[in-house]
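The structure under discussion appears below in the form of structure tokens.
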Amino acid sequence: MSTPLERDLIRQSAATLAEAIAEGEVSAREVTQAHLDRIAEVDDRVHAFLHVDGQGALATADAVDASRAAGEPLGPLAGVPLALKDILAMKGVPTTCGSRILEGWRPPYDATVVERLRAAGIPILGKTNMDEFAMGSSTEHSAYGPTHNPWDLDRIPGGSGGGSAAAIASFEAPLAIGTDTGGSIRQPAAVTGTVGVKPTYGGVSRYGLVALASSLDQAGPCTRTVMDAALLHSVIGGHDPRDSTSIPDPMPDVVAAAARADVRGMRIGLVRELTGEGYQAGVEQRFREAVEILEHLGAEVVEVSCPHFDYALGAYYLILPSECSSNLARFDGMRYGLRVGDDGDRSVEEVMSLTREAGFGPEVKRRIMLGTYALSSGYYDAYYGQAQKVRTLIQRDFDAAFAQCDVLVSPTAPTTAFRIGEKVDDPLAMYLNDVATIPVNMAGNCAMSLPVGLAPEDGLPVGLQVMAPPMADDRLYLVGGALEGALRDRWGHLLIEEVPSL
Ligand code: GLN
């Protein structure tokens, strides 16, 4: 069991912890140790982590404490520990992407995101579980076993970044990094009652992020409060010359927006295509109540139509497999991790084939095959080419909607957390979890999911999604901050404080 002080430390927001460390009320080492103790206490049940790096985290914490003692200025999140999705390269630390094929691989370099976390004095507690190569919506496609949702351990924590979301929701870490190619930050946030942000495409460097679908991937913050997300976003965001898709313009001031937390005079568009059929009644109910609150807070709410969103899922499942079939070609048993059948008698091709057969799980193989087919000569125009055209139509829908509205809103996911095992053998049912999150990735916009209550029928968290135009990430925080504040006033606490203690 944790001591009362440690229990208290793990329940604080990252902003509060950072302030307490800066004021010398608590050391970065104590804060980091409290979270390592919490991981030791509950992670055998949650399984959020694939690898814990206690020594590395404590070394960073000690460096922060030494800087403070020397009177040096500390960054805004210095000493506050973080959980890192196991898809980001971290020098010398195992990085598996939830796959057997990368077993044993230790990157020789840090991702830019990791470099920035280190420069900010953020101790990295370890690497979090995920669906293999970020393909999935439940974390059940991890080669290392599923992560469990802290609200109900028999349920999924979402995916692909279920480990990062579950680490936050179980108070194992106040901060985490996820990646979002079709919803993998936002959908886990929704089903775990936490906050998740997919920044504008190009807003956070992809250097050192193992590529799933390069035109869609984006790393972002997973937290329990909107302000914590803003603080983390500002640490990891901004231009990086090592990523050719990184946006050179200065990033919007998300921290100021989270502090302002004001929707007065904003026009909020409710996307008609992202409600109704297929959405659980309790999800829709909590979503509509939250929209009413935004209206009370002074926003004008209008309904908008984005007719091509209906085709987003179909187009995504051509574009993503196409890109991933190409990106995953590099895992050939020669360069990284696993090598199978290299007994001296076999050809290189045989070893590659045996390694890929043994190293990849069924979902990854399914998508590599789909993508290879979609890109093959004679089919390229009919599948990949058509999907790219749909992508343009989705972008135009967003352009038209943002000509009338400052932000758009929808439920983040159509249902609350489902049971482990319920959809794992039904790819289409699994894919439908991302029906509301995928359009944003297709257009390169930014979006946030934040908790808006528990569904009456099952008592599980519901997320609301706020979507904004590219490089208008600050608007997410204006809306998210305002809504979070109003809900906290109504409930007297944050939703996450209702999570059953493990
Ligand atoms: N669940 C979606 C998929 O399986 C999204 C994945 C992601 O965002 N990494 O592709």
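In each ligand, atom 1 is the first atom listed, and ligand 1 is the first ligand listed.
Contact annotation: for Lys198 versus ligand 1, there are no heavy atoms closer than 4.0 Å. Only the side chain of Leu212 comes within 4.0 Å of ligand 1, judged by heavy-atom distances.
Side-chain contact check for Leu209 versus Val113: every heavy-atom pair is 4.5 Å or farther apart.
For atom 2 (C) of ligand 1, the closest heavy atom belonging to the protein is Asp434 OD2, 3.2 Å. The protein heavy-atom contact nearest to atom 10 (O) of ligand 1 is Tyr316 OH, 2.6 Å. Closest to atom 9 (N) of ligand 1, if we only count protein heavy atoms, is Ser184 OG, 2.7 Å. Counting protein heavy atoms only, atom 3 (C) of ligand 1 is closest to Tyr317 OH, 3.3 Å.
Ring orientation note: the planes of Tyr383 and Tyr373 are tilted relative to one another, at an angle of 30° to 60°.
Those atoms of ligand 1 that come under 4.0 Å of a heavy atom in Asp180, given as number and element, are 8 (O). The contact set between ligand 1 and Ser160, taken as ligand atoms under 4.0 Å from a residue heavy atom, comprises 9 (N). Those atoms of ligand 1 with a heavy atom of Gly136 less than 4.0 angstrom away are 1 (N), 2 (C), 3 (C), 4 (O). The Met135 neighbourhood of ligand 1 comprises atoms 4 (O), with distances under 4.0 Å to a heavy atom of that residue. For ligand 1, the atoms sitting less than 4.0 Å from at least one non-hydrogen atom of Gly182 are 5 (C), 7 (C), 8 (O), numbered in the order shown with element in parentheses. The ligand atoms of ligand 1 that sit less than 4.0 angstrom from a heavy atom of Ala134 are 6 (C), 7 (C), 9 (N).
Using a 4.0 Å cut-off between charged nitrogen and carboxylate oxygen, Asp332 and Arg356 do not count as a salt-bridge pair. Comment: Arg366 engages Glu363 in a salt bridge, judged by a side-chain N to carboxylate O separation of less than 4.0 angstrom. Salt-bridge annotation for Asp86 and Lys127: present, with a side-chain N of the basic residue lying under 4.0 Å from a carboxylate O of the acidic one.
Taking only non-hydrogen atoms, the option from Arg367, Glu363, Met430 nearest to atom 4 (O) of ligand 1 is Arg367.
Put simply, the side chain of Thr96 never gets that close to the backbone of Leu102: no donor and acceptor are under 3.5 Å apart. Between the side chain of Ser449 and the backbone N or O of Gln465, no donor-acceptor pair lies under 3.5 Å.
Because its NZ or CZ atom is both nearer than 6.0 Å to the ring centre of Phe418 and within 45° of the ring axis, Lys423 counts as a cation-pi partner of that residue.
Residue Thr181 has at least one nitrogen or oxygen atom sitting less than 3.5 Å from a nitrogen or oxygen atom of ligand 1, judged on distance alone.
Considering every non-hydrogen atom in both Glu172 and Asp43, the closest pair reads OE2-OD1, 2.7 Å.
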